[in-house]
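Here is the structure we will look at.
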Amino acid sequence: MAPQLDAYFKQVDSLAEHFIDRLAKAVAIPSVSAEDERRPDVVRMGYWLADELKSLGADVELRPLGKQPHKEHLDLPPVVVARYGNDKNKRTILVYGHYDVQPALLDDGWATEPFKLTVDDKGRMYGRGSTDDKGPVLGWLNAIEAHKMAGVDFPVNLLCCFEGMEEYGSEGLDDFIKDEAKQYFKDADAVCISDNYWLGTEKPCLTYGLRGCSYYSIEVSGPGQDLHSGVFGGTAHEPMTDLMKIMGGLVGVDGKIAIPGLDKLVAPLTDEEKSLYGDIAFTMDNLYESLGSKTGLFPDKERTLMARWRYPSLSIHGVEGAFSAPGAKTVIPAKVIGKFSIRTVPNMEPEDVDKLVFDYINSEYAKLNSKNTLKVSLQHAGKWWVASPKHWNFTAAGKAVEHVWGVKPDLTREGGSIPVTLTFEQATGKNVLLLPMGSSTDAAHSINEKLDRKNYIEGIKLLGAYLHYVAEEPMKES
Ligand SMILES: C[C@H](N)C(=O)N[C@@H](Cc1c[nH]cn1)C(=O)O
Ligand SMILES: [Zn+2]
Ligand SMILES: [Zn+2]
């Protein structure tokens, strides 16, 4: 295998500028799934990706997902499914990624235009979606192209599933995966997802766990319209005041969730699990570097990792309808919608979490004796996932990491969520591996998101090398 991989790696290096150009084209399409007016761009991105795959020789289909639930005027963006290779003597790997991105505005504080890939003198490639998840998705396409150009036989059959709604809770995809598990995806021997990050900036990792995400909104309404606070202040129940009381009580400044009973749903920490954290290559400086400050909640690495991986957290995201522009407008908002989410962990069942959340908010609201109207809703929920890393899929990826990066990867869990991971595992019955490309300082979801050139180019080598090692692994279990 070594000469083949050498030829492939060389080809990746010589195509590096072309691969960066491909990423620039993808970043230039503002495929923001959460913004209704951007939906045509999300669809355009799906078609662009399909065309790129076709030009590389893959069989591609754009599968419609129907209307968006609760927003029937909007079509969901298509799922791009593709097959590259159909050799019965080769293994088949199913890869998943997403071509939608988080919202981004220059005014949010970006140093460069978010939808223009901007490379600085240190090789940092800034742009929305660079690391989450356009760089990794294009990594698979680039791996195909470099094999073709180098004349190296592609070692496996590749099935692709690229969606356009991941950042909005993967609307519609669960049913699609369940339907296709025994059809389009039926040949898959294992699944690989590249959509998370290293823990630091130096050491690669393989990831076998994710937290779940239950996302809620609290709507408080009262007055028929926004009011003058001089004329009506002190005479009416104010929705914003009620909302702030409720939202402010959900979580303490120490990160402790105030919802009674939630902690009882969490799997107890065993001695065996506790012993795993010490060996992970992660320092408090890694945390401070990616936070951009020293505002961590815990002084030590073990508790920080546990807080990220194996305990739930509650984050308050924002308030719709509130006065958030600069200035000093004296308005009483008539209706406000507060948004928060809970990252869930083993053994929290989403329905149990919902019940505790609704009961707590309703009982706290009752204590306010407000005449306003409260509505609490679940926006979307995705369950946590923890798998066994003792599978040939992980062994192959471990060997590929050692080959490309010269170091054994850490086995990590991830604080973020990719809800379809569990769906892929359950619907196909196959092992799922998370193989990240980007690093902890990439600022996914934040301003100035970036992917380092080195992570992108070596990441393309890694994805290709992983497929070669997969082809060599003895098949021991499904
Ligand atoms: C880890 C992955 N790249 C990611 O960013 N996932 C999102 C998924 C999500 C959940 N609700 C909405 N989007 C995340 O963890 O926030
Ligand atoms: Zn992602
Ligand atoms: Zn994301």
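Whatever order the structure lists ligands and atoms in, that order sets their numbers, starting from 1.
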Using a cut-off of 2.8 Å, how many protein N, O or S atoms lie below it in distance from the Zn ion (ligand 3)? 4
Pair Tyr208 + Phe394: ring centers closer than 6.0 Å: no
Min over Glu414, Gln102, Arg343, His380 of heavy-atom distance to atom 11 (N) of ligand 1 lands on His380
Among all protein heavy atoms, pick the one closest to atom 9 (C) of ligand 1 and tell me residue, atom and distance. Glu166 O, 4.1 Å
Provide the number and element of each atom of ligand 1 under 4.0 Å from a heavy atom of Asp132. 3 (N), 5 (O)
For ligand 1, which atoms sit closer than 4.0 Å to a heavy atom of Tyr197? 3 (N)
Considering heavy atoms of the protein only, find what lies nearest to atom 1 (C) of ligand 1 and give residue, atom and distance to 0.1 Å. Asp195 O, 3.5 Å
Looking only at non-hydrogen atoms, the one of Gly416, Ser33, Ser417 nearest atom 4 (C) of ligand 1 is Ser417
Electrostatic pair Glu72:Lys67 at N-O distance under 4.0 angstrom: no
Can you tell if the side chain of Asn142 reaches within under 4.5 Å of the side chain of His18, non-hydrogen atoms only? no
Would you call the rings of His380 and Tyr168 parallel, tilted or perpendicular if under 30° counts as parallel and over 60° as perpendicular? tilted
SB check Glu113 Arg128 (cutoff 4.0 Å): no
To which protein heavy atom is atom 5 (O) of ligand 1 closest, and what is the distance rounded to 0.1 Å? His445 NE2, 2.8 Å
Kindly determine whether Asp120 and Lys450 satisfy salt bridge (charged side-chain N to carboxylate O under 4.0 Å, His left out), including the steps that lead there. CA-CA 10 Å; Asp120 75 4; Lys450 58 99 176 146; over 6 Å; no
Going by heavy atoms in the side chains, are Arg310 and Tyr277 under 4.5 Å from each other? yes
In this structure, CD of Glu145 is separated from CG of Leu138 (nearest 0.5 Å) by 11.0 Å
Parallel, tilted or perpendicular: which describes the rings of Phe154 and Tyr84, with under 30° parallel and over 60° perpendicular? perpendicular
